[in-house]
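Written out below as structure tokens is the structure these notes cover.
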Protein chains: 4
Amino acid sequence: MEIPENSSKASGGESGEGPAPRGRPRSEAARRAVLEAALELCQRDGYQELTMKGIADEAGVGRQTVYRWWPTKQDVLIEVLGELPHRTPDRLFPDTGSVRDDVEELLTYTFELTRGVTGRAVVGLMADAQGDAELSRRLQESVIGPRREVLRQILERGVRRGELTEGADASLDLAVDFAFGVMWYRLLSRHAPVDDELAAELAAALEKLLSGDGGAGDGAGAGARRHRQ
Amino acid sequence: MEIPENSSKASGGESGEGPAPRGRPRSEAARRAVLEAALELCQRDGYQELTMKGIADEAGVGRQTVYRWWPTKQDVLIEVLGELPHRTPDRLFPDTGSVRDDVEELLTYTFELTRGVTGRAVVGLMADAQGDAELSRRLQESVIGPRREVLRQILERGVRRGELTEGADASLDLAVDFAFGVMWYRLLSRHAPVDDELAAELAAALEKLLSGDGGAGDGAGAGARRHRQ
Amino acid sequence: MEIPENSSKASGGESGEGPAPRGRPRSEAARRAVLEAALELCQRDGYQELTMKGIADEAGVGRQTVYRWWPTKQDVLIEVLGELPHRTPDRLFPDTGSVRDDVEELLTYTFELTRGVTGRAVVGLMADAQGDAELSRRLQESVIGPRREVLRQILERGVRRGELTEGADASLDLAVDFAFGVMWYRLLSRHAPVDDELAAELAAALEKLLSGDGGAGDGAGAGARRHRQ
Amino acid sequence: MEIPENSSKASGGESGEGPAPRGRPRSEAARRAVLEAALELCQRDGYQELTMKGIADEAGVGRQTVYRWWPTKQDVLIEVLGELPHRTPDRLFPDTGSVRDDVEELLTYTFELTRGVTGRAVVGLMADAQGDAELSRRLQESVIGPRREVLRQILERGVRRGELTEGADASLDLAVDFAFGVMWYRLLSRHAPVDDELAAELAAALEKLLSGDGGAGDGAGAGARRHRQ
DNA sequence: TCCTAAGCGAGACGGTACGTCGTGTCTTCTG
DNA sequence: CAGAAGACACGACGTACCGTCTCGCTTAGGA
């Protein structure tokens, strides 16, 4: 149960060690137990039912220990979510040579995650972020932003290769919004599944949306431009 | 805010009343007070802070009166949301002759609503609907579904007129998901505003997505179909 | 000295009813359960171990219900102690015709009580009253004072009858302090028991202390000896 | 805050030292800091508010250091109380030649102490001793007993000299109980002060109680009167 | 001069009681 | 009967102290 963790004198840093760590060091075992308990309970009972007391009890940890390191259950979940991707970093950055396949692969993997462990947690956090700008910012930084960035880079690579064209009708940002927007919308409203088929449909739709010749081209494009003035 | 209490046919109609309502009739004043208090508080303090006790106190109503008619705060909010559209029925069904303009008008109005009174309520409800199938179904029926239907009919009208084409790459349903998905995604993650400009961009993007000649046409469509098998 | 308990329409008072009692009336069952639980637990585990949570749990009552009516455990105990004498009012006011016998009877009964149910409670309260003037005042009023008063009246009756003399060396107040002082001292330090024999000794000593001529020797001494047999 | 640390016979005596003390010797500075902090805090905030954590923090000492040497706060206080008398040993053993004066002097000094530093501590300890036989025994041994013994010896000296008579009505033990009983009773219930006047009254009352002939006697009574002026 | 041992400040740990608040149910009186 | 008032049993909240446990650092005696 003992894991090194020892930050002090790690890698020989003899300079800016900080304020010298005194007292009993933080228990990595307790930290992990809390994070896993939170994820487990959130998945089992739902975000709303998730409770600081419940987390502490499930983790076999004192309540104070939870509050000492995470002021709210949101903080616990954000830390869990921040650590999850490290478990399978490979599937997060697909590069098959085809934009469409890369997009589809990324979305397939992302959808899997949301259907599985993280779904209820992330949806609950997002809902709480309504009316809580700070939480919103942190989610943006740790969860939403990174995922957006990955998709965006795939699309930019496609533009560079000439597979895609960032047109007047749809910026890359809007394209990213498209993919994840549909995902969130369906996760929340549940009017349709978030599955592999959706990943394929979205990959195709994005390709069309960013196709150079611009289907609705003439009138439509003019209209859009007219509207925006 | 004073309402005579019993506007309904109390005492009077003894004809085909049905099961004969005995005792004191339900107070319309109390009902309205509860609904308005709920909307007000949800908007002011957020969905999570909304409380049955808070609603009752704010409405100047006994707690039992709230529980008698609405088992949960979700029920209260759903009833409020169900009544709101009746206040401005005109803007909900635009018909300018141009699909793009109709879409833009509808989205502009919808975005206004979500930025205003209903935003926090609907997001909170959606989040609660995670893991509550019944609530999910009711939301689908009373809030999500109707909005989808309006947009869908506008698009179908466009297809009938020949302005749009439901292509292999993007069904009408996916197009509807696109519009509302982006809206929800931005409402939740706040990485970009939900404003009139977005309405215009989405109208243009939808037009392109549903354009007949299909930019990425061939390979893409085939790919999508291939994937679905 | 509240006995009737039932303030509402007690004894037919149809005039100044007060502010009209609204809402669910207080549960007498819960009240009694709390009082008895407190007494029970205090006796079993000691005053220090007595806990608001413990009282509530033992009484099968919500914690809030305890706090609603008694801000602290001291309040609970004071109310219990205030009600106890009513159970056996007869032995509290002995009047045998002999001062010595009255004193002995009163002390015997008082010692019984302190050895039994009330001992630990009262001692704990007294200790808490150190440094809490308000608690001190209330204890004085509801517990200490009344007991002092009973003994004082017995002694005053003796003075009126000529059996005793309030002398220059010892006021009645000091005599009362004597009796109860020895009791408390032994209860606390436990160097000697607080039993019937002590009651007899104290009755004799008080008689001597308040003998006018100082010759408690003769009759009083004989009386004491007679009693001890 | 630096104190030589090792006042005790360290190093010197290698004769019957026992198991030879290894490791870092106990810090006398820490010991004193704890004792003084405990006394200070108990006097300032009261016995109930006294806390092991509070003592450690106030003393600038680790919590473990307190627990290592004193299992409970009672132990800390008992050790403090055991050291206090050594500061003024002279007034503890009055011998003026007159029993009454000796008694009055002893009580006057004792009352001073209880009004001052030790009051709240001793009362709290006594209250805790209810239901804790071991604590009771230790208090008896270290605090209560010694004080009783001093008074008892004064009274015995009086009996030897013929000033007093241990009569059938009141043993010396009861007389001692009388004096300290009244003190404790007043300390706890606060119905009257514990001051010099009480010391004089008690000295007079004891004299009368232990007068052989029962006399509020001639000389004694006169003496009492003389004293009160 | 190291080695072993124990005391020390610090502070994290698993617990538990605190007093408050919201839950959903109930029980009274008034309309 | 509906409604308002509010008491009820329940349980989560975040805080404080409990007594124990690890840390790194003295500070001694014995090797």
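Convention: sequence-line order gives letters A, B, ...; per-chain numbering from 1.
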*Check the distance between dA5(F)'s C1' and Tyr67(B)'s OH and give it to me in whole angstrom.*
15 Å
_Without decimals, in angstroms, what is the distance between Ile55(B) CD1 and dG22(E) P?_
12 Å
Can you name the atoms? Protein N/O to nucleotides 6-11 of chain E N/O, anything below 3.5 Å, with the distance.
residue	atom	partner	partner atom	Å
dA6(E)	N3	Arg24(D)	N	3.4
dG7(E)	O4'	Arg24(D)	O	3.2
dG7(E)	N2	Arg24(D)	NH1	2.5
dG7(E)	N3	Arg24(D)	NH1	3.2
dC8(E)	OP1	Ser27(D)	N	2.8
dC8(E)	OP2	Trp69(D)	NE1	2.7
dG9(E)	OP2	Gly62(D)	N	2.9
dG9(E)	OP2	Thr65(D)	OG1	2.8

*Excluding sequence neighbours, so at least two apart, what forms side chain to side chain donor-acceptor pair (under 3.5 Å) with Gln48(A)?*
Asp128(B)
List, one per line, each side-chain donor-acceptor pair under 3.5 Å for residues 56-63 of chain C, sequence neighbours excluded.
residue	atom	partner	partner atom	Å
Asp57(C)	OD2	Lys53(C)	NZ	3.0

*Asp57(A) has an atom CG; how far is it from atom C1' of dT16(E), in whole Å?*
12 Å
*Roughly, in whole Å, what's the span from CG in Leu50(D) to C1' in dC18(F)?*
14 Å
*asked:* Rounded to whole Å, how long is the line connecting atom CG of Asp45(D) with atom P of dC17(F)?
replied: 11 Å
*asked:* Run the side chain to side chain contact (heavy atoms under 4.5 Å, CB included) test on Leu77(D) and Leu50(D) for me, step by step, so that the C-alpha distance in whole Å, both residues' side-chain angles and the decisive distance to 0.1 Å come before the verdict.
replied: CA-CA 10 Å; Leu77(D) 288 178; Leu50(D) 188 62; 3.8 Å; yes
*Work out which heavy atom in Gln74(B) is nearest to a heavy atom in Leu135(B); give both atom names and the distance.*
CG-CD2, 3.8 Å
*Write down the distance between NZ (Lys53(A)) and C1' (dG14(E)), rounded to a whole number of angstrom.*
13 Å
*N or O in side chain of Thr51(D) less than 4.0 angstrom from dC18(F) OP1/OP2*: yes
*Distance, rounded to the nearest Å, where Glu58(C) contributes CD and dC10(F) contributes P*: 14 Å
_Note, Thr65(B) side chain near Val34(B) side chain (heavy atom, < 4.5 Å)_ = no
*Using the ring of Trp69(B) (Phe, Tyr or Trp, six-membered ring only), decide whether Arg31(B) places NZ or CZ under 6.0 Å from its centre and within 45 degrees of its axis.*
no
*For Glu49(A) and dG11(F), give me the distance from atom CD to atom C1', rounded to whole Å.*
13 Å
